[in-house]
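The figures that follow rest on heavy atoms only: side chains count, while hydrogens, waters and symmetry mates do not. Worth saying up front: this structure is predicted, and the values here are computed from it rather than measured.
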Amino acid sequence: MNIVVLTGAGISAESGLKTFRDNGGLWEGHRMEDVATPEAFAANPELVQNFYNLRRQQLRSDEVKCNAAHIALAEFEAQHKGRFTLITQNVDDLHQRAGSNNLLAMHGELRKVRCLNCDAVMPYDEAITPQSQCTQCLQLDCLRPHIVWFGEMPLYMDVIERVLQSCELFVSIGTSSVVYPAAGFQQLAQHRGAHTVELNLAPSETASRFDEAIYGNASTLVPEYFSGLLD
């Protein structure tokens with residue numbers, strides 16, 4: 001069976017990660033427009049860098065660990081005899097730590113940076129400062145978080161469209177299903193004949209579109225659901 005899984009913030013909620021975005025739409029007390037857009041970075045790069053430096057520091061904390069849901073997906077991928085593609089909207093590296101391999105991080109990765117001078121993408125675990133140097137072109141003060149900001153095109157969209165068009169089972173885990181383009185993935189897969197499933201803490205705004213829905217904590221639901229697929 002050809003399976004595509006989409007994950008959102010809900011799968012990492014039990015891993016000690018703060019969401020950074022509260023009910024008022026503020027990210028650590030900042031408006032999204034001030035810390036998560038290209039315009040914000042151009043206007044106040046220090047503020048934006050500090051915001052992501054804090055997020056990167058939190059991700060390195062000993063308190064942040066992949067949970068049973070991340071592990072279950074990695075173990076399923078290793079045992080599944082068909083095609084398996086994991087698309088994540090998350091910028092943490094918890095799927096990678098758990099061992100997922102066929103992974104598309106469509107919104108970028110917090111523990112990587114991109115060079116504005118040569119466009120190289122490289123692993124990076126420290127705070128980005130004006131003294132930070134690109135390891136490829138050796139320029140200073142040219143690094144930005146490898147994060148897709150609002151107004152930028154998500155990564156791997158051509159690959160994602162291909163796998164959705166050919167998948168037989170689409171599973172959405174821990175996502176609100178309201179932010180495009182990810183919000184349209186279920187419809188594209190369903191239109192192509194895939195069975196679609198929502199695993200979530202509570203029904204999303206598009207829950208009625210799914211063929212099947214199961215609700216509860218990801219660390220419980222995901223291992224149960226995917227172990228059942230192997231039986």
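- The same ILVMFWY cluster, assembled from side-chain heavy atoms under 4.5 Å apart, contains both Tyr225 and Leu86.
- Follow the hydrophobic side-chain contacts under 4.5 Å out from Val5 and you never reach Leu164; the two are in separate clusters.
- Ala189 approaches Cys167 most closely through the heavy-atom pair CB-SG, 3.8 Å.
- One distance of note links CG of Asp93 with OG of Ser12; it measures 9.5 Å at 0.5 Å rounding.
- Checked by atom type and distance alone, the side chain of Arg60 pairs as donor or acceptor with a backbone atom of Asp125 at under 3.5 Å.
- Cys134 and Cys118 make their closest contact through SG-SG, 3.8 Å (heavy atoms, listed as atom of the first residue, atom of the second, distance).
- Hydrophobic clustering of Ile, Leu, Val, Met, Phe, Trp and Tyr side chains at less than 4.5 Å, counting indirect connections, keeps Tyr180 apart from Leu6.
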Worksheet item: Between Glu109 and Gln96, is a side-chain hydrogen bond (donor to acceptor under 3.5 Å, both in side chains) present by the stated rule, with each step listed?
Response: CA-CA 10 Å; Glu109 299 176 64; Gln96 294 91 325; 3.0 Å; yes
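- Every residue two or more places apart in sequence or in another chain that forms a side-chain contact (heavy atoms from CB on, under 4.5 Å) with Glu75 is listed here: Ile71, Gln79.
- Cluster annotation: Leu199 is not connected to Phe170 through the hydrophobic network of ILVMFWY side chains, with a link wherever side-chain heavy atoms come within less than 4.5 Å.
- Glu46 is linked by a side-chain contact (heavy atoms from CB on, under 4.5 Å) to Asn44, Asn50, counting only residues two or more places apart in sequence or in another chain.
- Using a 3.5 Å distance cut-off with no hydrogens or angles, the side chains of Thr7 and Thr88 do pair a donor with an acceptor.
- Ser100 contributes no side-chain N or O that, together with a main-chain N or O of Leu103, makes up a donor-acceptor pair within less than 3.5 Å.
- Rounding to the nearest 0.5 Å gives a distance of 6.5 Å between CG of Leu104 and OG1 of Thr85.
- No side-chain donor from either of Tyr124 and Thr135 sits under 3.5 Å from a side-chain acceptor of the other.
- In terms of hydrophobic clustering, with Ile, Leu, Val, Met, Phe, Trp and Tyr side chains grouped at heavy-atom distances under 4.5 Å, Ile3 and Leu230 are assigned to a common cluster.
- The only option from Val35, Leu54, Ile128 that meets the side chain to side chain contact (heavy atoms under 4.5 Å, CB included) definition with Gln49 turns out to be Ile128.
- Proximity of Ile11 to Asn90: side-chain heavy atoms (C-beta onward) are separated by under 4.5 Å at one or more points.
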Discussion item. Applying side chain to side chain contact (heavy atoms under 4.5 Å, CB included) to Leu201 and Asn217, what does each step give before you reach the verdict?
Written reply: CA-CA 6 Å; Leu201 187 62; Asn217 290 329; 3.4 Å; yes
Practice prompt. Start with the C-alpha distance between Asn102 and Glu77, add both sets of side-chain angles, then the distance that settles side chain to side chain contact (heavy atoms under 4.5 Å, CB included), and finish with yes or no.
Written response: CA-CA 8 Å; Asn102 196 17; Glu77 179 186 354; 3.5 Å; yes
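- In this structure, CG in Leu155 is found 8.5 Å from CD1 in Ile160, a value given to the nearest 0.5 Å.
- Shown here are the side chain to side chain donor-acceptor pair (under 3.5 Å) partners of Gln89, two or more places apart in sequence or in another chain: Thr175.
- Gln58 and Gly16 make their closest contact through NE2-O, 3.4 Å (heavy atoms, listed as atom of the first residue, atom of the second, distance).
- For the pair Asp92 (side chain) and Leu94 (backbone), a donor-acceptor distance under 3.5 Å is present.
- Counting only residues at least two apart or on different chains, the ring pair (Phe, Tyr, Trp, His ring centres under 6.0 Å) pairs with a member in residues 59-94 are His70-His95, Phe76-His80, Phe76-Phe84, Phe76-Phe226.
- Here the shortest heavy-atom pairing between Ala218 and Ala69 reads O-CB, 3.5 Å.
- Listed for the Glu168 side chain is a donor-acceptor partner under 3.5 Å among the backbone atoms of Asn2.
- Not counting sequence neighbours, the partners of Arg192 by the side-chain contact (heavy atoms from CB on, under 4.5 Å) test are Gln165.
- Shown here are the side-chain contact (heavy atoms from CB on, under 4.5 Å) partners of Pro181, two or more places apart in sequence or in another chain: Met106, Pro154, Met157, Phe185.
- Through direct or indirect side-chain contacts shorter than 4.5 Å among Ile, Leu, Val, Met, Phe, Trp and Tyr, Tyr215 is connected to no other residue.
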Atom pairs and distances, donor-acceptor, side-chain atoms in residues 137-145, under 3.5 Å, two or more places apart:
{"residue": "Arg144", "atom": "NH1", "partner": "Glu152", "partner atom": "OE2", "Å": "2.9"}
{"residue": "Arg144", "atom": "NH2", "partner": "Ile147", "partner atom": "O", "Å": "2.5"}
{"residue": "Arg144", "atom": "NH2", "partner": "Glu152", "partner atom": "OE1", "Å": "3.3"}

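- In this structure, the side chain of Ser132 engages the main chain of Thr129 through a donor-acceptor pair within 3.5 Å.
- Note: Ile173 CD1 to Asn200 CG = 9.5 Å, rounded to the nearest 0.5 Å.
- With sequence neighbours left out, His146 forms a side chain to side chain donor-acceptor pair (under 3.5 Å) with Arg114.
- Residues Arg111 and Leu59 are in side-chain contact: their nearest non-hydrogen atoms beyond the backbone lie under 4.5 Å apart.
- With no hydrogens or angles considered, a side-chain donor-acceptor pair links Ser15 and Asn67 at under 3.5 Å.
- For Phe41, the ring pair (Phe, Tyr, Trp, His ring centres under 6.0 Å) partners at least two apart in sequence or on another chain are Trp149.
- The closest donor-acceptor contact from the side chain of Arg56 to the backbone of Leu110 lies under 3.5 Å.
- Residue pairs satisfying the salt bridge (Lys or Arg N to Asp or Glu O under 4.0 Å) criterion with at least one member in residues 198-220, sequence neighbours excluded, are absent.
- Applying the salt bridge (Lys or Arg N to Asp or Glu O under 4.0 Å) test to every pair with at least one member in residues 175-190, sequence neighbours left out, gives no pairs at all.
- Distance CE/Met1 to CG/Leu229: 6.5 Å, rounded to 0.5 Å.
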